[in-house]
Protein chains: 2
Amino acid sequence: MTLHDLAKELNLSIATISRALSRPEDVAPLTRQRVLAAVHRHGYTPNGTTRSLRTQQTRTIGVVVSDIRNAFFAAVVKAIEDEARANGYTVLICNADEDSAKEEAALQLLLDRKVSGVINCSTGANLDLLHTFQKSGAVLVDFDRESGLKNLDTVVVDNRRGAELATEHLVDLGHRDIATVAGPQHLSNARGRLIGFQDTLRKHNIQVKKSFVQYGNFRQESGYQAAQKLHSLRQPPTALFVANVEMAAGVIAFVRDKGVTIPQEISIVSFDDSFWARYMDPPLTVVAQPVETMGKCTMELLLARLRGGKPAQTKVFMPELIVRRSTCSPARSPR
Amino acid sequence: MTLHDLAKELNLSIATISRALSRPEDVAPLTRQRVLAAVHRHGYTPNGTTRSLRTQQTRTIGVVVSDIRNAFFAAVVKAIEDEARANGYTVLICNADEDSAKEEAALQLLLDRKVSGVINCSTGANLDLLHTFQKSGAVLVDFDRESGLKNLDTVVVDNRRGAELATEHLVDLGHRDIATVAGPQHLSNARGRLIGFQDTLRKHNIQVKKSFVQYGNFRQESGYQAAQKLHSLRQPPTALFVANVEMAAGVIAFVRDKGVTIPQEISIVSFDDSFWARYMDPPLTVVAQPVETMGKCTMELLLARLRGGKPAQTKVFMPELIVRRSTCSPARSPR
DNA sequence: TAACCGAATGTAAAGTTTTACATTGTAACC
DNA sequence: GGTTACAATGTAAAACTTTACATTCGGTTA
């Protein structure tokens with residue numbers, strides 16, 4: 001059922017039908033009624049594809065996240081979507097799995113679809129594609145990580161500060177053998193978290209052992225492996241700062257497999273909070289990001305940009321340490 | 001940058017450019033090379049919107065779920081998306097929040113977008129809209145709940161069996177005062193779970209008290225409220241079967257707020273498993289669904305349907321009881 | 001009554017791609 | 001050499017909507 005069909009049925013021109021739907025005041029009341037009745041009778045819906053073609057805008061925002069099952073991203077996406085929908089935009093979610101090839105595929109898809117904007121949790125690769133986006137007139141926003149591109153809005157948490165908060169907390173408890181499961185260093189957030197960790201230790205004159213810095217890829221399995229490596233060390237750490245929830249999940253899986261007790265044998269503090277962190281055994285001490293606010297803000301910036309005007313800006317949100325029970329003073333006294 | 005622009009630049013017709021990209025063998029090797037070079041040089045991407053218009057297919061599948069933050073749906077969506085992408089389809093995710101008005105908006109959006117198919121976790125309202133979909137030629141699949149429509153593929157878990165498993169487990173432990181936090185009864189899965197619960201109790205000659213059946217809406221807050229009501233009963237239950245994870249989260253939040261101990265004071269078994277359930281305090285006894293398999297299967301059915309042929313079918317998956325430590329025998333002896 | 005006005009409706013173009021059909025040019029064959 | 005055949009490319013229509021501009025027609029004004 002198209003405008004054409006309706007026009008024929010009602011003996012009107014397609015223009016009149018179109019107008020009856022989009023600018024009711026431009027059409028005689030009686031005509032409008034007839035049109036509306038027919039539309040309803042046939043369950044007609046304008047073809048969004050064609051409208052996009054004609055109006056040259058898809059009113060769609062692409063969001064590239066690493067994994068929608070990750071509670072952090074799920075929450076962000078929800079916030080983004082609510083805000084988008086409220087403004088008449090649709091959100092297209094793509095999983096990149098922290099894999100630059102998949103990210104490329106996702107971006108290519110969004111490019112094909114001529115989205116109005118992209119919220120990118122970049123792997124840092126694919127700069128060329130992102131650049132193509134900008135040239136195409138799409139609005140780009142970096143979220144969670146900085147792609148390194150110029151002239152785009154950026155929404156991040158203060159990663160160094162978050163790591164400081166976490167590390168400081170461990171040091172305060174008396175730990176000296178503190179390790180970290182860091183994220184991939186090509187990501188700005190992972191770098192920030194590692195630097196915050198290292199700086200804090202140095203500030204307290206604690207040597208940063210190389211073996212105490214394990215690198216993961218922000219995904220669960222890598223957390224498991226990192227924990228494994230740390231555990232097999234001659235002198236394992238008494239405390240651990242994990243750079244994101246997913247890896248923390250992996251760490252916890254390993255620790256449980258091994259029967260290591262938290263926090264007595266190892267204190268754990270992780271970046272990112274989630275509903276479950278609170279009810280875990282033991283409840284997890286975490287560095288929480290204001291997820292909903294950040295998601296909403298991201299979309300607001302994007303929409304503002306779309307409406308034109310405003311120059312690009314960077315919003316840095318403050319993380320918060322939530323002390324629960326996965327951290328305590330070390331059993332063996334510090335050397 | 002459009003075909004037109006490229007054509008002008010290369011002094012070819014748009015048809016040739018189009019062919020060079022979509023059916024390389026129909027074009028002279030040299031020409032193809034020239035085209036490819038230009039395409040690459042300009043970062044040209046065919047306009048997906050227009051292509052959809054021309055080919056009359058969007059290669060997009062809409063998925064309507066209640067909340068993407070719900071671990072069950074997050075996992076399902078991931079599985080669906082992977083399978084879709086592997087087959088050249090894009091997935092459009094919509095949140096309905098178990099709210100029929102929001103579901104309507106979501107379906108309307110998908111209708112506008114002329115999606116090729118819809119995977120619907122229906123609230124059961126909006127049958128008319130779903131019907132419009134079918135008339136429009138889109139393929140519909142019911143997931144998790146049955147909309148009641150005829151002639152569509154359906155993927156569900158055996159809800160009665162799941163509830164039986166859970167309830168039987170509680171009865172076996174010696175519980176007689178068993179309550180349930182049921183889902184909204186207009187949803188087929190919620191009905192199945194309640195019936196399985198009731199039948200099992202009856203089978204064991206246990207009276208099903210009215211006050212022991214609390215109804216929630218499958219969302220967290222309603223779990224909290226239901227727990228509250230059960231807790232305030234003169235004679236509270238010693239065991240509880242919760243009909244989904246989200247409500248279980250609410251129940252746990254309440255139970256913790258009140259300082260009630262699990263499982264000593266109350267045994268809890270919930271529908272749906274998640275990574276965290278295992279590491280909670282105590283680890284949660286659950287009825288698990290084969291989430292990934294179900295998600296993948298759903299998409300496979302949909303794609304098969306899209307390719308034509310196959311009549312609609314219903315796949316019922318078997319749930320599995322995973323006993324962890326949130327259930328034990330009751331402290332007070334059964335009356 | 002002629003001229004004009006405005007409301008209601010119609011006409012047609014544009015947006016970009018795909019593809020059936022048409023055209024061109026060249027090589028092969030008799 | 002003229003016909004055939006085929007490969008390469010071109011032409012133009014179609015997909016459906018929005019919208020600038022054009023037309024129609026009843027009524028108002030001088």
Side-chain angles (χ1 to χ4, degrees), chain A residues 1-36 38-39 42-60 88 90 108-109 111-116 136-138, chain B residues 1-36 38-39 42-60 88 90 108-109 111-116 136-138:
Chain A
M1 178 68 29
T2 69
L3 281 188
H4 221 95
D5 302 329
L6 285 175
K8 197 179 297 177
E9 175 172 330
L10 297 179
N11 229 329
L12 288 167
S13 72
I14 54 172
T16 304
I17 316 275
S18 175
R19 270 189 295 251
L21 295 172
S22 54
R23 14 185 113 187
E25 68 284 3
D26 274 15
V27 120
L30 182 73
T31 310
R32 178 174 3 137
Q33 273 193 310
R34 287 209 305 143
V35 172
L36 257 35
V39 162
H42 291 99
Y44 165 80
T45 315
N47 185 320
T49 303
T50 311
R51 171 181 288 157
S52 289
L53 173 60
R54 169 67 226 214
T55 61
Q56 294 289 72
Q57 53 165 335
T58 55
R59 292 186 84 79
T60 302
T90 303
Q108 190 60 57
L109 175 94
L111 210 43
D112 288 358
R113 300 238 159 193
K114 306 287 178 230
V115 293
S116 311
S136 82
Chain B
M1 179 69 29
T2 69
L3 280 188
H4 220 95
D5 302 328
L6 286 174
K8 197 177 299 177
E9 175 173 328
L10 297 178
N11 230 328
L12 288 167
S13 74
I14 54 172
T16 304
I17 315 275
S18 175
R19 270 189 294 251
L21 295 172
S22 54
R23 14 184 113 189
E25 69 283 3
D26 274 15
V27 119
L30 182 73
T31 310
R32 178 173 3 133
Q33 273 193 309
R34 287 209 302 144
V35 172
L36 258 35
V39 162
H42 293 98
Y44 165 80
T45 314
N47 185 320
T49 303
T50 312
R51 170 181 289 158
S52 289
L53 172 60
R54 167 67 224 215
T55 60
Q56 294 290 71
Q57 54 164 334
T58 55
R59 292 186 85 78
T60 301
T90 303
Q108 191 59 55
L109 175 94
L111 210 44
D112 288 358
R113 300 240 159 191
K114 306 287 179 230
V115 293
S116 312
S136 82

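Being a predicted model, the structure only gives us computed values, none of them experimental. Chain A is the first sequence line, chain B the second, and so forth, proteins listed ahead of strands; every chain is numbered from 1.
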Quick one: does Arg19(B) reach the base of dG10(D) with a side-chain donor-acceptor pair under 3.5 Å?
yes
Hydrogens and angles aside, do Arg113(A) and Thr60(B) bring a side-chain donor and acceptor to less than 3.5 Å of each other?
yes
Tyr44(A) vs dC16(D): side-chain N/O to OP1/OP2 distance below 4.0 Å:
no
Starting the side chain at C-beta, find the nucleotide from dT18(C), dT17(D), dG10(C) nearest to Ala15(A).
dG10(C)
Do Leu21(B) and Leu36(B) touch side chain to side chain, with heavy atoms closer than 4.5 Å?
yes
Side chains of Thr16(B) and Ser13(B): is there a donor and an acceptor less than 3.5 Å apart?
yes
Side chain to side chain, Thr2(B) and Asn47(B), heavy atoms closer than 4.5 Å
no
How would you label the contact of Thr31(B) with the nucleic acid (heavy atoms, under 4.0 Å): base, sugar-phosphate, or nothing?
sugar-phosphate
Rounded to whole Å, how long is the line connecting atom CG of Asn11(B) with atom C1' of dG10(D)?
12 Å
Counting side-chain heavy atoms from CB outward, which of dA8(C), dT17(C), dT9(D) is closest to Ala28(B)?
dT9(D)
Heavy-atom pair of closest approach, residues Thr58(A) and Ser52(A):
CA-OG, 3.6 Å
Sub-4.5 Å side-chain heavy-atom contact between Glu9(B) and Asp5(B):
no
Would you indicate whether His4(B), at its atom NE2, is surrounded by more than 12 heavy atoms from other residues, nucleotides or ligands within a distance under 6.0 Å?
no
So, does Ser13(B) get its side chain near the phosphate of dG10(D), meaning an N or O under 4.0 Å from OP1 or OP2?
yes
Closest heavy-atom contact between Leu53(B) and Thr49(A)?
N-CG2, 3.7 Å
Find the bend of the helix from dT1(C)-dA30(D) to dC30(C)-dG1(D) as the angle between its two terminal axes (five pairs each), to the nearest 10°.
60°
Between P of dA8(D) and CD of Gln33(B), the distance in whole Å:
14 Å
side-chain N/O Ser18(A) vs dT18(D) OP1/OP2, d < 4.0 Å
yes
Round to the nearest Å and state the distance from Arg59(B) atom CZ to dT17(C) atom P.
18 Å
If I take atom NZ in residue Lys8(B) and atom C1' in nucleotide dT16(C), what distance separates them, rounded to the nearest angstrom?
14 Å
Heavy atoms under 4.0 Å, any strand shown: does Thr49(B) hit a base, just sugar-phosphate, or nothing?
nothing
CZ of Arg23(B) versus C1' of dA8(D): gap in Å, rounded?
14 Å
Phosphate contact (dC16(D) OP1 or OP2) by Gln56(B) side-chain N/O below 4.0 Å:
yes
Tell me the interatomic distance from His4(B), atom NE2, to dT18(C), atom P, rounded to whole angstroms.
15 Å
Closest to the side chain of Thr2(B), out of dT9(C), dA15(D), dT16(C), is dT16(C)
Let me know the distance between CG of Leu53(A) and P of dA13(C), rounded to the nearest Å.
17 Å
Heavy-atom donor-acceptor pair, Arg54(B) side-chain to dG15(C) base, under 3.5 Å:
no
Ile14(A) has an atom CD1; how far is it from atom C1' of dT18(D), in whole Å?
9 Å
The side chain of Thr16(B) is closest to which nucleotide in this list: dT9(D), dT17(D), dT11(D)?
dT9(D)
